[in-house]
Amino acid sequence: MTTPVRPLYLDYHATTPVDPRALAEMLPFFSERFGNPHSRQHAWGWEADKAVDAARRRIAALINANPAEVVFTSGATESNNLAIKGAAERLPDRGRHVVTLVSEHKSVLDACTRLERSGFEVTRLAVGPDGLIDLDRLRAAIAPGTILVSVMAANNEIGTLQPLAEIGAMAHERGALFHTDAAQAAGKIPIDVEAMRIDLLSLTGHKFYGPKGAGALFVRRRNPKVSLAPQIDGGGQENGLRSGTLNVPGIVGLGCAAEICRVEMADESVRLRALRDRLLGGLRSHLDDVRVNGSMDARLPHNLHVSFGGVEGEALLMALGDLAVSTGSACSSGSHAPSHVLQAIGAVGPQAGASIRFGLGRTTTANEIDFAIDRVAAVVSALRRQTVPS
Ligand SMILES: *Cc1c(COP(=O)(O)O)cnc(C)c1O
């Protein structure tokens, strides 16, 4: 049996490989340094605790937080649940209203739906055709009873960057807390929880070259001090906010990955933006009717999300076997419903065609981009020729 050649990976929004430098730091904590960081009475525990502390400082440095404000979790899904449900359960006297966006990740939207079932009111703000929040609508939506505004930093499909500093200022002006799901943004673009007035921030290792199953929630400790109701009870780790023995190897990898991103982010984003622009330029030089979904300006440097008119989503997916990308039909007549994000920006309907999300990453080269351009151009042209003109 021969091993099939694996498709070219351009799906870095789904997940990233662990950086070899992070893996090397993690390995000893699986075996020879296996101590429990909560064992206070011997050197095995102290050694693990020291490694966790170092990782906490590195995560804090990435977002300009204090290390004591970093709570380790299993990833962004858990961080989002802890932030949203934890804040709501702790603040019911102040109000029972939460504001979020229709284009948020499922883990935010579903946590909000859960709150609705226990009597909270949730406003899901529409976004513009560019994927961006309307700040006037946000201002109008925040009421005296609003306890939390949850708006993602960067969208996982179309890469749109929301104006965090403006949102933070607006939430605080009205006495609401500001949570941001930064799973796609952390380690990719500069984030400063002080300048942006962020109270709660979710991040996850496997989106920035750290391991899966390791993430964190930033919980502001002063100005204001944010209090959350824990969602996992037990031994009282992480100041009682998240019980359970810490995932030490995962946390060490998370910290190392954060440090690498902090140091390399500026250069890497310039490199990736150039490759991304080369990809769009190449597609447009070969094909007509290539539409970019979401703002081109307020966008992650390594994201491109495009639709091709006159092409059917499923056919595109079938024909693009040598590219590992995320494809979708923007047309709801197919068996696959269009994503809630494409619906939110109105990139749906019979005219919308098929879409591809490209996520570029650390190992992406110009040669790979040129290969992707050739493949997509060939496949889309062929599919369009098959389409009988109406
Ligand atoms: C990946 C992702 C999540 C979920 O993160 P996990 O660590 O996989 O649970 C949440 N929000 C966004 C925007 C994401 O991209």
Side-chain angles (χ1 to χ4, degrees), residues 9-18 22 55 59 62-63 70-86 100-114 124 127 131-133 149-162 164 167 178-189 191 198 200-218 231-232 242 244 246-247 249-251 253-255 257-258 261 293-294 298-305 325-326 328 339-342 344-345 357-361:
Y9 193 79
L10 288 173
D11 203 13
Y12 286 87
H13 297 294
T15 196
T16 61
V18 175
I59 296 292
L62 182 66
I63 57 173
V70 174
V71 175
F72 289 116
T73 67
S74 63
T77 297
E78 186 189 337
S79 295
N80 287 340
N81 274 270
L82 175 57
I84 294 167
K85 295 174 186 170
T100 188
L101 294 185
V102 291
S103 53
E104 292 290 316
H105 189 264
K106 278 279 176 206
S107 55
V108 166
L109 293 174
D110 289 359
C112 288
T113 302
R114 178 82 60 184
R124 295 172 185 79
V127 293
L132 285 163
I133 190 172
V149 173
S150 180
V151 174
M152 70 202 315
N155 186 270
N156 47 298
E157 290 185 36
I158 57 176
T160 311
L161 306 178
Q162 301 295 349
L164 300 183
I167 297 166
F178 175 33
H179 166 247
T180 189
D181 174 357
Q184 294 288 342
K188 312 292 172 50
I189 57 166
I191 292 184
I198 296 165
L200 296 156
L201 178 145
S202 305
L203 56 80
T204 183
H206 77 102
K207 301 285 173 71
F208 61 83
Y209 307 90
K212 295 171 181 61
L217 179 66
F218 157 76
Q231 303 297 303
I232 300 178
R242 203 278 191 174
L246 288 173
N247 168 12
I251 288 167
L254 179 73
C261 286
N293 295 310
R299 188 182 204 98
L300 287 169
H302 58 297
N303 173 281
L304 185 66
H305 197 294
V325 289
S326 159
S339 83
H340 71 287
V341 176
L342 291 185
I345 61 169
R357 175 186 72 178
F358 296 95
L360 283 53

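Whatever order the structure lists ligands and atoms in, that order sets their numbers, starting from 1. Numbers for residues simply follow the sequence, beginning at 1.
- Nearest approach of Leu201 to His179, heavy atoms of both residues: N-CD2, 4.2 Å.
- Proximity of Asn247 to Phe72: side-chain heavy atoms (C-beta onward) are nowhere separated by under 4.5 Å.
- Under the side chain to side chain donor-acceptor pair (under 3.5 Å) test applied with His13, the options Arg357, Glu157, Gln184 reduce to a single match, Gln184.
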When you check ligand 1 against the protein, what N or O pairs turn up below 3.5 Å? List the atom names and distances, or just say none.
unit_1: ligand 1; atom_1: 7 (O); unit_2: Ala76; atom_2: N; d: 3.0
unit_1: ligand 1; atom_1: 7 (O); unit_2: Thr204; atom_2: OG1; d: 2.6
unit_1: ligand 1; atom_1: 8 (O); unit_2: His206; atom_2: NE2; d: 2.9
unit_1: ligand 1; atom_1: 9 (O); unit_2: Thr77; atom_2: N; d: 3.0
unit_1: ligand 1; atom_1: 9 (O); unit_2: Thr77; atom_2: OG1; d: 2.6
unit_1: ligand 1; atom_1: 11 (N); unit_2: Asp181; atom_2: OD1; d: 3.3
unit_1: ligand 1; atom_1: 11 (N); unit_2: Asp181; atom_2: OD2; d: 2.6
unit_1: ligand 1; atom_1: 15 (O); unit_2: Gln184; atom_2: NE2; d: 2.7
unit_1: ligand 1; atom_1: 15 (O); unit_2: Lys207; atom_2: NZ; d: 2.7

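- Heavy-atom contacts from other residues, nucleotides or ligands closer than 6.0 Å to CZ of Arg124 number more than 12.
- When all heavy atoms are compared, the tightest approach of Ile251 to Ala55 is O-CB, 3.4 Å.
- Lys207 contributes no side-chain N or O that, together with a main-chain N or O of Gly187, makes up a donor-acceptor pair within less than 3.5 Å.
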